[in-house]
Amino acid sequence: MLIQEQIAQVVRRALALAREQGLLPAGPLPDVVVERPPRPELGDFATNLPLRLARSLRLPPLEVAQRLASLLSPSEAVERVSVAPPGFINFTLRADWLCQQVDAILQAGATWGNLDIGRGQRIQVEFVSVNPTGPVHVGHTRGAVLGSTLANVLGAAGYQVVREYYINDAGSQIDAFARSLWARYLQALGRPASLPPDGYQGQYVVDMAQELRSQFGESLLALGEQEAQEKVKAWGVQRVLTMIREDLQRLGVEFDVWFSERSLYETSCYRKVMDILRQGGYLAEREGAVWFVSTALGEDKDNVLVRSSGLPTYFASDAAYHYHKFVVRGFDRVINIWGADHQGHVPRVKAMVQALGIDPQRLTIIIAQMVTLKRGGEMVRASKRKGELVTLRDLVDEVGPDACRYFFLARSADAQMEFDLDLAKKQSQENPVYYIQYAHARMAGILRQARERGVESDGGDVRLLREPAELALVRRLVLLPEVVQTVARTLEPHHLPHYALDLATAFHWFYDNHRVLTEDRALSKARLKLVEASRLVLARTLALMGMSAPERMEKG
RNA sequence: GCGCUUGUAGCUCAGUUUGGAUAGAGCGCAGGCCUGCGGAGCCUGAGGCCGUGGGUUCGAAUCCCGCCAAGCGCGCCA
């Protein structure tokens with residue numbers, strides 16, 4: 001249990017006791033919120049419970065605080081309980097307790113920060129899911145970083161996580177792509193052909209057609225047109241998926257499951273879902289199409305599931321897919337990460353899930369807002385039409401995977417962001433990525449030195465850590481589980497980079513004020529423990545963000 | 001027009017879920033710290049009508065309503 005939860009319990013008990021003893025009148029029990037005071041002098045934790053109680057008890061908040069505080073005594077962890085206007089109770093942690101956390105961290109090792117708030121629940125994070133018709137571009141990259149980080153953190157928080165990529169291999173976009181590839185293939189063979197009007201204009205299609213030619217020569221021409229196009233389609237999808245998989249790997253993004261949309265039709269899933277909807281009275285036929293009557297669930301308008309041509313829409317696939325997630329595979333919770341351009345789709349899918357008899361609360365859809373690129377102080381304009389979007393590969397080639405991940409993570413998903421390529425590339429103090437990684441390299445450097453000098457932390461007495469800079473660092477280390485909890489609850493990973501920056505700051509400050517390896521053998525051992533623990537925690541934080549923790553920095 | 005998201009220091013952003021203490025951080029700027037584990041570091045300082053106008057409240061960056069500005073969406077595309 002996190003320390004602030006222990007404090008919250010103690011406060012709850014004190015309130016109950018105060019009421020028993022007639023110190024405070026009976027009344028409702030509000031949520032006890034334990035937070036951090038705005039300034040460190042005030043202590044490590046605070047509760048505003050007296051302020052919240054004051055009105056219903058008809059007592060001045062400060063009076064409530066004093067009466068409650070009189071029942072709160074120092075403990076193993078808490079050194080001081082104090083009351084502050086207008087009605088806060090503040091708690092200061094004991095230095096001994098803090099120091100002992102260093103040993104606790106060393107013992108926990110790479111599991112420090114793990115929690116069990118997921119209680120083994122099965123959770124699926126579906127992200128990226130770019131159509132297999134072209135490369136992953138910057139907008140998708142944000143979702144990739146977000147999703148993979150969220151999956152890491154949820155795993156640390158005690159969920160069983162499945163990372164999934166949904167392959168849209170059934171829709172009309174795939175057909176348009178296949179026709180484009182076919183046209184480029186013909187052109188590669190010197191035959192007259194032109195790109196269809198809805199075709200894909202990117203250079204990568206031309207390149208792939210060249211590959212197709214060197215692999216198959218003219219042999220595809222011998223097949224019937226139908227057969228040849230099917231073959232080209234299947235080949236093209238696989239080729240694009242391979243490219244996407246490789247690109248994502250360079251960013252440190254991997255998936256457990258690559259789920260095919262087509263499979264929903266090959267199995268009976270799609271049929272089953274349509275039956276459920278029909279039985280629930282959610283289907284209507286109008287104008288030759290089959291509609292999902294989402295207006296019955298408070299939606300603005302109904303949505304087409306099966307076109308008048310008889311072909312199902314992507315929305316029908318989505319219905320079957322979500323049924324598969326929740327019912328066939330039985331995930332307790334599902335998180336979808338989509339781009340801002342899918343915003344309008346959210347209420348529809350929520351309504352659909354509800355219509356399928358699934359509690360929509362179990363589905364969370366995170367919308368990642370748009371990304372624009374800036375270089376040399378100017379926006380990088382991209383034309384989708386001409387296939388001139390900046391791709392994930394371009395971005396990673398230019399700024400590297402760590403900077404790429406950090407910058408995407410640092411901004412909350414809700415807000416549009418500007419990705420400053422020049423800043424991300426800069427190897428200087430302007431770039432927080434280097435500030436943080438440099439802290440890790442410094443830690444590693446000290447540990448290296450210690451090994452060379454034969455100094456070991458074994459038997460080090462952490463109670464020797466008493467300096468403000470030492471304790472400030474410990475306070476940061478102890479914070480990681482709380483950060484994991486926050487991210488797992490809010491699904492907002494942008495807290496991680498901020499924490500990493502704070503941790504690095506605390507370490508740099510400690511480093512600047514105190515030397516670790518000195519003639520004082522006992523103190524050296526104690527500080528070495530602190531450095532070991534710091535390295536462990538920073539490395540874990542970076543790992544959760546999918547970033548590397550360098551042992552040394554290249555001199556720039 | 002309607003819906004979703006955003007607007008906080010010169011710049012990039014936290015803080016808004018659960019209303020509470022003097023609104024925070026990084027960069028940039030001004031000044032200071034280099035004989036020791038890597039100075040890609042450390043310290044000090046200046047810098048804010050929290051988009052705007054109302055409202056609720058003992059108390060609002062945070063909740064409610066209006067307005068302004070930016071992005072995205074509102075197809076038998078995905």
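Each chain gets a letter, A, B and so on, in the order its sequence line appears, and its residues count up from 1.
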Only distances under 3.5 Å count here; give the side-chain donor-acceptor pairs of residues 333-340 of chain A to other protein atoms, sequence neighbours excluded, each with its distance to 0.1 Å.
from: A/Arg333; atom 1: NH1; to: A/Tyr159; atom 2: OH; distance (Å): 3.3
from: A/Asn336; atom 1: OD1; to: A/Lys325; atom 2: NZ; distance (Å): 2.9
from: A/Asn336; atom 1: ND2; to: A/His322; atom 2: NE2; distance (Å): 2.8

Run the side-chain donor-acceptor check on residues 170-177 of chain A: report pairs under 3.5 Å with partners two or more places apart or on a different chain.
from: A/Gln173; atom 1: OE1; to: A/Tyr200; atom 2: OH; distance (Å): 2.7
from: A/Asp175; atom 1: OD1; to: A/Lys233; atom 2: NZ; distance (Å): 2.7

A correct 5'-to-3' footprint of nucleotides 12-25 of chain B, with B, S and - meaning base, sugar-phosphate only and no protein heavy atom under 4.0 Å, is -SSS-BB-BBB--S
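For residues 38-62 of chain A, the set of pairs meeting the salt bridge (charged side-chain N to carboxylate O under 4.0 Å, His left out) definition, not counting sequence neighbours, comprises A/Arg39-A/Glu41, A/Asp44-A/Arg475.
When the C1' atom of B/G39 is taken as reference, atom CE of A/Met553 falls 13 Å away, rounded to whole Å. Here the C1' atom of nucleotide B/C4 and the CD1 atom of A/Ile367 are 9 Å apart, to the nearest Å. As rounded to whole Å, 20 Å separates atom P of B/C11 from atom CG of A/Leu421. In this structure, the CH2 atom of A/Trp509 is 21 Å from the P atom of B/C37, given to the nearest Å. Note: CZ (A/Arg142) to P (B/G71) measures 16 Å, nearest angstrom. Rounding to whole angstrom units, CG of residue A/Asp169 and P of B/A78 are separated by 13 Å. When rounded to the nearest whole Å, the span between CE of A/Met352 and P of B/A78 equals 14 Å. Straight-line distance from the OH atom of A/Tyr511 to the P atom of B/C34: 16 Å, rounded to whole Å.
B/C11 and B/G48 are spaced 14 Å apart, taking the C1' atom of each and rounding to whole Å. When the C1' atom is used for both B/C50 and B/A14, the distance is 13 Å, rounded to whole Å. Distance check on atom C1': B/A25 versus B/A9 gives 11 Å, rounded to whole Å. For the C1' atoms, the distance linking B/U16 with B/G51 amounts to 15 Å, nearest Å. B/G15 and B/U8 have their C1' atoms separated by 9 Å, with the value rounded to a whole Å. Of the P atoms belonging to B/G36 and B/G20, the separation is 47 Å, rounded to the nearest Å. Spacing of C1' atoms, B/U12 relative to B/G7, comes out at 14 Å, to the nearest Å. Here, B/C13 and B/U6 have their C1' atoms 13 Å apart, quoted to the whole Å.
Base contact: A/Arg515 has a heavy atom under 4.0 Å from a base atom. In this structure, A/His514 reaches the bases: a heavy-atom distance under 4.0 Å links it to at least one base atom across the strands shown. Residue-level contact check: A/Phe315 touches neither bases nor backbone, having no heavy atom under 4.0 Å from any strand.
Within the 4.5 Å cutoff, the side chain of A/Leu528 has heavy atoms near those of the A/Ile446 side chain. With a 4.5 Å cut-off on side-chain heavy atoms, A/Thr295 and A/Asp300 do not count as touching.
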Could I get a table of every N or O pair under 3.5 Å where one atom is in the protein and the other is in nucleotides 73-77 of chain B?
from: B/C74; atom 1: O3'; to: A/Lys301; atom 2: NZ; distance (Å): 3.2
from: B/C74; atom 1: O2'; to: A/Lys301; atom 2: NZ; distance (Å): 2.6
from: B/C76; atom 1: O2; to: A/Ser308; atom 2: N; distance (Å): 2.7
from: B/C76; atom 1: O2; to: A/Ser308; atom 2: OG; distance (Å): 3.0
from: B/C76; atom 1: N3; to: A/Ser308; atom 2: OG; distance (Å): 2.9
from: B/C76; atom 1: N4; to: A/Glu287; atom 2: O; distance (Å): 2.6
from: B/C77; atom 1: OP2; to: A/Arg307; atom 2: NH1; distance (Å): 2.1
from: B/C77; atom 1: O2'; to: A/Gln173; atom 2: NE2; distance (Å): 3.0

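Residues satisfying the side chain to side chain contact (heavy atoms under 4.5 Å, CB included) criterion with A/Leu62, sequence neighbours excluded, are A/Gln66, A/Val83, A/Pro85. Every residue two or more places apart in sequence or in another chain that forms a side chain to side chain contact (heavy atoms under 4.5 Å, CB included) with A/Asp520 is listed here: A/Thr518, A/Ala522, A/Leu523. Residues meeting the side chain to side chain donor-acceptor pair (under 3.5 Å) test with A/Ser56, sequence neighbours left out: none. When the side chain to side chain contact (heavy atoms under 4.5 Å, CB included) test is applied to A/Ser534, the partners found at least two apart in sequence or on another chain are A/Met443, A/Leu473, A/Leu477, A/Phe507, A/Leu530. Under the salt bridge (Lys or Arg N to Asp or Glu O under 4.0 Å) criterion, A/Glu63 pairs with A/Arg67, not counting sequence neighbours. Applying the side chain to side chain contact (heavy atoms under 4.5 Å, CB included) rule to A/Thr313 yields the partners A/Val304, A/Arg307, A/Phe315, A/Ala316; only residues at least two apart in sequence or on another chain are considered.
Using cut-offs of 30° and 60° for the angle between ring planes, the A/His514 and A/Phe510 rings count as tilted.
Cation-pi check for A/Arg80 over A/Phe91 is not met; the charged atom does not lie both under 6.0 angstrom from the ring centroid and within 45 degrees of its normal.
In this model, the phosphate group of B/C42 is approached by a side-chain N or O of A/Tyr435 to a distance below 4.0 Å at OP1 or OP2.
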Dot-bracket summary - RNA chain B, pairs being Watson-Crick or G-U whose distances fall under 3.5 Å, with | when paired to another strand: (((((((..((((......[...)))).(((((.......))))).....(((((..]....))))))))))))....
